[in-house]
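Values below: every heavy atom of this structure, side chains too, minus hydrogens, waters and symmetry copies.
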Amino acid sequence: MGAPKKSLPKALSSDDPEELARVPLQAVLLADSFTTKFRPITLERPKVLLPLVNVSMIEYALAWLESAGVEEVFVFCCAHAKQVTSYIENSQWRSQPNFTVTTIESHNSVSAGDALRLIYERNVIHGDFVLISGDTLSNMSLARALQDHKDRRKKDSNAVMTMIIKRSKPSSATHQSRLGTEELFMAIDPVTKQLLYYEENANHLKGTLSLDKMLLVDNSSITLHNDMQDCYIDICSPEVLSLFTDNFDYQHLRRHFVKGLLVDDIMGYKIFTHEIHSSYAARIENYRSYDTISKDIIQRWTYPLVPDILFPGNSPTRLDRQGMYRASEIQLSRSAKVGPLTVIGSSTVVGSNTTVVNSVIGKGCTIGSNVLIEGSYIWDNVIIEDGCELRHAIVCDGVIMKSGSRLEPGVVLSFKVVIGPNFVVPPYSKVSLHQQPTVEDSDEELEYADNSSDTIHSSTKGQVDKLNGGSSSDLSEMQQQSIPELGLGGMGYIWSICEGCHEEEWKHSVAPIPPEKLTEITRAIEDDLDIANMDRNAPASSGELKPDTQVDSEDDENEDSRDDSVYFEKEVEATFLRAVNENIKVDHVILEVNSLRLSYNMQSADCAGAIFYSMMRLASQLSHSTASELYKNVGSVVGKWRKLLKSYLPGKDEEIEVILKFEEICLESAKELSPLFTQILHFLYDKEILSEEAIQDWETEKADADESDKIFVKQAEKFLQWLREASEEEE
């Protein structure tokens, strides 16, 4: 069954109605967009064919394009081109009505620029088109963005590109987004939405951002952002292809093309932005974004692209309570414990007393007894023997873990690796059947094509060939050579971490950032802020903007503040749910919430309100059939996470904020809690979360309110009267 079709308007460069009706909406999908951040896995398989919650990445991109009204997709591939072409040829996309997928192969292209130049030479694009990376996932409707792009083109033929962006505040501690990407700075005209400035990896430690002074002269109002995420979805006019052809120094799509157009004041070409709000769009650039986006899929932020909705490339999966997905024909021992936010693929066997929490297990896997799998991604046909432990790891197809072996957080096991019995793989290790290349390519060199086949040692390549078709004696020979690396009977090589790359490992890993690192970074930031505050007193040079410089109009401040509150609450809820599902210690959760608090410039009251909201949402989502069971859920959640909530209740004002938030929850997001308002309020008082003073002051504040605002004061009248009498007796 295909993904649901939507009728969307076509956005073409021509104004001729007949041509608009004749030319289908087209898309170019860049299949070779991986970087060194996914090595060693991509030595053997293209990134777009890697599984994401048991479905190849490219399937999500194609399913979205089809549902968004695209009729013709050109998939450009260079590295592993035969694998990509074969996959498309044998997929269901070949038989979808009104949707064609064509692969274009090139063995000479080494960049996105080369790819687009070849697309131009083939003369296959006949109007405006969607440009997307094959590792991008979205559920947005293209209708509005396409129409805006078309309208701008009618008024200004130099409007050649519309870039899709989404708000995503970076962590103040790591200066990374939740996807593990570096902080991105943009300057945008708040009226026209024209992109005026684009800078990745800016030096945030200096506390300044340098702009060309003419940018301020030529634009009456600009908005500076460090809270936007580039979705790597672009709507382009055909001129984009010709611009790449005319400028052979354009290789990287953002670093060269976008920044080149922004500084070119001769041709006058312009790039605009389109911000999405409720829709989802994100690109998998590293292991951390792989982990984040996988969790988003499981938690259904990407609907309808979720495991239990059929689309080409996806297999039938049943959704159970608390986000547990189970495919058909699985064998699950009665004593096995499968926690929430877990996916188990078809024909997989899970042994007795095994625990699987917040993890994805692929097809045809055999999991032994007394195994612990937490926060990990197990791909297809993996064998994990008895007594193994895996925490926050990625395990590729065909891997064998012998009994008692253990993977520390951040480990990546590439295809067909064997880990010996009782062997412990150190944190953040990358293990492969390939020896580590002696010379590592840079991300820029690998932005598009991966020439890894030229860098693998011939001896290693021979050993891998033997594995794929050699004799048992050949396998035994390799096992003996690998004993020091991975234990008795192990096969593979642990890649060393390059000098100066240790920080990148934990920043881009599927493992949570270590608490000691968060503490260390937070202290460093406080020192940097002290220096920045001293620098603010110095006069700014022309074109240099201090962090608190007023550039944009004040009309948007209130709206931005509201947006920040909404995003902050969502981030806190996601952090809280992860803590619940992964059993993270309260002290570690406090560190993460503090990081969000700094990032969004929030107060303790905001944190308390967001945490209480998350707790009530969780309680209402847990299984219950009566009000009594719901009340028990509230008691259980609050009892377990009381310390977390109390950490943000230093005084009466913050406690009142919690009561106000509770009223809001009962009226809007969890109305079934309304009849229990007084009981829960009393419970919070008994647990010394809310003080008598705070509750009485809340009542006093409501005295002059409208009747509609006194609903819960009236409901709690008996309890409030009891508090007053108790207070009078004490006096």
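The residues Lys155 and Asp151 are annotated as not salt-bridged, no charged nitrogen and carboxylate oxygen being separated by less than 4.0 angstrom. Ion pairing of Lys193 with Glu275 is absent here, as no side-chain N (NZ or NE/NH1/NH2) approaches a carboxylate O to less than 4.0 Å. Remark: Arg153 engages Glu239 in a salt bridge, criterion side-chain N to carboxylate O under 4.0 Å.
Using a 4.5 Å cut-off on side-chain heavy atoms (C-beta onward), His274 and Arg144 make contact. Annotation: side chain of Val73 is not in contact with side chain of Thr100 (no heavy-atom distance under 4.5 Å). At least one side-chain heavy atom of Ile297 sits under 4.5 Å from a side-chain heavy atom of Tyr60. Between Leu146 and Leu25, the closest side-chain pair of non-hydrogen atoms falls below 4.5 Å. For the pair Met186/Met163, a side-chain contact is recorded, criterion being any heavy-atom separation below 4.5 Å from C-beta on. Between Ile119 and Ile125, the closest side-chain pair of non-hydrogen atoms falls below 4.5 Å. Taking the side chain as every heavy atom from C-beta outward, Leu184 and Gln229 never approach each other to under 4.5 Å. When side chains are defined from C-beta on, Leu243 counts as touching Tyr269, because their heavy atoms get closer than 4.5 Å.
No side-chain donor-acceptor contact under 3.5 Å links Glu71 to the backbone of Gln26. Panel note: side chain Ser111, backbone Asp114; a donor-acceptor pair is recorded below 3.5 Å. Asp234 places no side-chain N or O within donor-acceptor distance of the main-chain N or O of Cys236, the cut-off being under 3.5 Å. Not a single donor-acceptor pair under 3.5 Å links the side chain of Trp64 to the backbone N or O of Leu137. A donor-acceptor pair under 3.5 Å links the side-chain atoms of Thr342 to the main chain of Asn358, judged by distance alone. For Asp264 (side chain) and Gly260 (main-chain N/O), no donor-acceptor pair under 3.5 Å exists by modelled atom type. Not one N or O on the side chain of Ser56 forms a donor-acceptor pair closer than 3.5 Å with the backbone of Leu52. Panel note: side chain Ser620, backbone Met616; a donor-acceptor pair is recorded below 3.5 Å. Lys47 places a side-chain N or O within donor-acceptor distance of the main-chain N or O of Ile284, the cut-off being under 3.5 Å. Checking side-chain atoms of His252 against main-chain N and O of Arg254 turns up a donor-acceptor pair under 3.5 Å.
Atom CG of Leu667 is separated from atom CD1 of Ile665 by 10.5 Å, given to the nearest 0.5 angstrom. Here the CG-CD distance, from Asp135 to Glu285, works out to 7.5 Å after rounding to the nearest 0.5 Å. In this structure, OG1 on Thr103 lies 10.5 Å from CZ on Phe74, to the nearest 0.5 angstrom. Annotation: the span from Asn581 atom CG to Leu341 atom CG amounts to 4.0 Å, rounded to 0.5 Å. Put simply, CD1 on Ile164 and OG1 on Thr273 are 8.5 Å apart, with the number rounded to the nearest 0.5 Å. Atom CG of Leu62 sits about 8.5 Å away from atom CD1 of Ile132, to the nearest 0.5 Å.
Checked against side-chain hydrogen bond (donor to acceptor under 3.5 Å, both in side chains), Tyr325 has the following partners two or more places apart in sequence or in another chain: Arg300. Under the ring-ring contact (aromatic ring centres under 6.0 Å, His included) criterion, Phe257 pairs with Phe244, Tyr250, not counting sequence neighbours. Residues meeting the side chain to side chain contact (heavy atoms under 4.5 Å, CB included) test with Ala281, sequence neighbours left out: Ser138, Cys231, Ile233, Ile276. Every residue meeting the side chain to side chain contact (heavy atoms under 4.5 Å, CB included) condition with Ala610, not counting sequence neighbours, appears here in chain and number order: Phe568, Glu569, Val572. Every residue two or more places apart in sequence or in another chain that forms a salt bridge (Lys or Arg N to Asp or Glu O under 4.0 Å) with Lys259 is listed here: Glu199. With sequence neighbours left out, the side chain to side chain contact (heavy atoms under 4.5 Å, CB included) criterion links Ser359 to Val356, Ile373, Ser376. Residues meeting the salt bridge (Lys or Arg N to Asp or Glu O under 4.0 Å) test with Glu72, sequence neighbours left out: none. Take Asp156 and apply the side-chain hydrogen bond (donor to acceptor under 3.5 Å, both in side chains) test, not counting sequence neighbours, and it matches Lys270. Listed by chain and number, the residues in a salt bridge (Lys or Arg N to Asp or Glu O under 4.0 Å) with Asp606 amount to none (sequence neighbours excluded). The side-chain hydrogen bond (donor to acceptor under 3.5 Å, both in side chains) check on Tyr198 picks up Asp230, with sequence neighbours excluded. Applying the side-chain hydrogen bond (donor to acceptor under 3.5 Å, both in side chains) rule to Asp291 yields the partners Lys295, Tyr377; only residues at least two apart in sequence or on another chain are considered. Residues meeting the salt bridge (Lys or Arg N to Asp or Glu O under 4.0 Å) test with Glu573, sequence neighbours left out: Arg617.
Smallest separation of non-hydrogen atoms from Phe99 and Val70: CD1-O, 3.1 Å. Residues Ala63 and Leu305 approach most closely at CB-CD2, 3.8 Å, considering heavy atoms. Tyr232 and Glu200 get closest at one heavy-atom pair: OH-OE2, 3.6 Å. The two residues Pro307 and Thr317 have their closest heavy-atom pair at O-CB, 3.4 Å. Heavy-atom minimum distance, Ile58 versus Tyr87: CG2-CE2, 3.9 Å. Across all non-hydrogen atoms, the minimal contact from Gly609 to Lys661 is O-CG, 3.5 Å.
If you check the side chains of Asp296 and Tyr280, you find a donor sitting under 3.5 Å from an acceptor. Under 3.5 Å, the side chains of Glu66 and Trp93 contain no donor-acceptor pair of N or O atoms.
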>> Between Met324 and Leu319, does the side-chain contact (heavy atoms from CB on, under 4.5 Å) criterion hold? Intermediate values first, please.
In response: CA-CA 6 Å; Met324 289 184 285; Leu319 172 62; over 6 Å; no
Q: Go through the steps for Met615 and Phe576 under the test side-chain contact (heavy atoms from CB on, under 4.5 Å), then give the verdict.
A: CA-CA 8 Å; Met615 294 166 71; Phe576 176 72; 3.7 Å; yes
*Could you give me the CA-CA distance, side-chain angles and deciding distance for Arg152 and Thr162, then say whether side chain to side chain donor-acceptor pair (under 3.5 Å) is met?*
CA-CA 10 Å; Arg152 276 193 293 265; Thr162 299; 2.9 Å; yes
- Message: Under the criterion side-chain contact (heavy atoms from CB on, under 4.5 Å), I'd like the reasoning laid out for Leu131 against Leu30: C-alpha separation, chi angles, the key distance, then a yes or no.
- Response: CA-CA 8 Å; Leu131 178 61; Leu30 305 180; 4.1 Å; yes
Could you go through the side-chain contact (heavy atoms from CB on, under 4.5 Å) check for Ile394 and Val510 one step at a time?
CA-CA 8 Å; Ile394 293 178; Val510 297; 3.7 Å; yes
